[in-house]
Amino acid sequence: MTTATTVTTQQETRPSAAAKPVRWAADAVAAMREGARLRLDYSARSLWSVDRVIEEIRREEAPYAAVELVLRGFGAYTGEVIVRQTGGEWWATGGDYWVRTPDGRLWDPIEEAVRCYTGDGSLRLLCRDASGGGPRAQ
């Protein structure tokens with residue numbers, strides 16, 4: 001008798017709230033690899049590069065409307081880094097997405113990407129804080 005086994009991928013076992021941000025993050029990774037020749041590997045260290053890219057965009061004074069989707073992708077990428085680092089999960093309400101870490105804190109990496117663009121944030125530091133090292137999210 002042969003027993004059929006089911007192979008479940010990580011994507012299939014994740015909550016449905018993760019579907020869009022995971023896709024946005026993957027799109028950001030592909031865009032950086034193709035356009036900027038920058039390889040993002042979902043490590044906390046890679047967020048240094050993302051912060052630098054956002055800083056370059058800000059210095060070029062690109063209008064927000066022109067970079068809104070790029071920032072969303074970078075925020076989603078950061079959220080995925082946090083999820084992978086902490087074992088957290090994506091939460092969604094009314095079109096907004098957050099990461100909830102196992103300690104119950106909620107983080108808004110997409111909004112943090114926007115704060116980076118305005119010169120008042122850091123995706124690297126958000127990840128550090130969410131991974132256990134810093135102040136609580138608001």
Side-chain angles (χ1 to χ4, degrees):
M1 181 170 155
T2 305
T3 305
T5 58
T6 303
V7 177
T8 306
T9 65
Q10 181 184 15
Q11 182 67 32
E12 291 170 341
T13 62
R14 296 183 72 180
S16 62
K20 285 185 179 179
V22 167
R23 186 176 66 239
W24 297 333
D27 290 347
V29 168
M32 288 296 95
R33 183 179 58 242
E34 298 302 319
R37 303 276 190 253
L38 177 65
R39 186 165 298 280
L40 299 178
D41 61 3
Y42 293 95
S43 68
R45 185 180 333 176
S46 70
L47 296 174
W48 283 89
S49 298
V50 176
D51 276 345
R52 283 195 310 267
V53 169
I54 294 173
E55 173 63 23
E56 289 173 20
I57 292 169
R58 187 169 70 81
R59 276 197 303 250
E60 292 172 1
E61 299 180 358
Y64 177 74
V67 297
E68 182 176 8
L69 295 180
V70 171
L71 296 173
R72 181 183 73 182
F74 285 149
Y77 173 78
T78 302
E80 267 303 288
V81 172
I82 293 168
V83 164
R84 294 175 186 203
Q85 293 270 320
T86 67
E89 63 183 347
W90 282 100
W91 284 62
T93 302
D96 293 325
Y97 294 87
W98 301 278
V99 171
R100 182 174 183 186
T101 49
D103 59 11
R105 294 183 292 170
L106 290 173
W107 304 90
D108 190 345
I110 295 172
E111 180 60 31
E112 187 69 13
V114 173
R115 282 193 290 274
C116 289
Y117 172 73
T118 63
D120 191 33
S122 169
L123 296 173
R124 176 185 58 84
L125 294 178
L126 178 75
C127 180
R128 183 201 66 193
D129 293 348
S131 297
R136 294 193 176 271
Q138 303 275 346

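Heads up: numbering here begins at 1 and tracks the sequence. Note: hydrogens, waters and symmetry copies are ignored here, and every other heavy atom, side chains too, is used.
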Is [X] linked to [Y] within one hydrophobic cluster, defined over Ile, Leu, Val, Met, Phe, Trp and Tyr using a side-chain heavy-atom separation of less than 4.5 Å?
X: L47; Y: V53; value: yes
X: V67; Y: L40; value: yes
X: Y42; Y: V50; value: yes

*Does any pair with a residue in residues 31-48 pass salt bridge (Lys or Arg N to Asp or Glu O under 4.0 Å), and if so which ones, sequence neighbours excluded?*
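Applying salt bridge (Lys or Arg N to Asp or Glu O under 4.0 Å) to every pair that reaches into residues 31-48, excluding sequence neighbours, yields nothing.
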_Pairs touching residues 58-78 that satisfy salt bridge (Lys or Arg N to Asp or Glu O under 4.0 Å), sequence neighbours left out_ =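 Found E55-R58, E55-R59.
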_So, using side chain to side chain donor-acceptor pair (under 3.5 Å) as the criterion, who are the partners of W91 when residues are at least two apart?_
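Expected list: E89.
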*Can you name the side chain to side chain contact (heavy atoms under 4.5 Å, CB included) partners of S49, sequence neighbours left out?*
L38, R52
*Who else is in the cluster with L69 when I, L, V, M, F, W and Y are joined by side-chain contacts under 4.5 Å?*
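None; L69 is a cluster of one.
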*When C127 is tested against each of I82, T86, V99 for side-chain contact (heavy atoms from CB on, under 4.5 Å), which residue passes?*
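Among I82, T86, V99, the one that satisfies the side-chain contact (heavy atoms from CB on, under 4.5 Å) with C127 is I82.
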Atom pairs and distances, donor-acceptor, side-chain atoms in residues 18-31, under 3.5 Å, two or more places apart:
none

Do you know which two heavy atoms are closest between [X] and [Y], and how far apart they sit?
X: L123; Y: I54; value: CD1-CD1, 3.7 Å
X: P109; Y: G75; value: CB-O, 3.2 Å
X: A130; Y: R105; value: O-NH2, 3.6 Å

*Listed once per pair and sorted, the side-chain hydrogen bond (donor to acceptor under 3.5 Å, both in side chains) pairs that draw on residues 111-122, sequence neighbours left out*: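 Sorted pair list: D51-S122, E112-R115.
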So do the side chains of [X] and [Y] get within less than 4.5 Å of each other, counting heavy atoms only?
X: W98; Y: T93; answer: yes
X: F74; Y: M32; answer: yes
X: L71; Y: Y64; answer: yes
X: W107; Y: T78; answer: no

*First locate atom OG1 of T101, then atom CD of Q85, and finally report the distance between them rounded to the nearest 0.5 Å.*
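Separation between the atoms: 12.5 Å.
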*To the nearest 0.5 Å, tell me how far W90 CH2 sits from S16 OG.*
13.5 Å
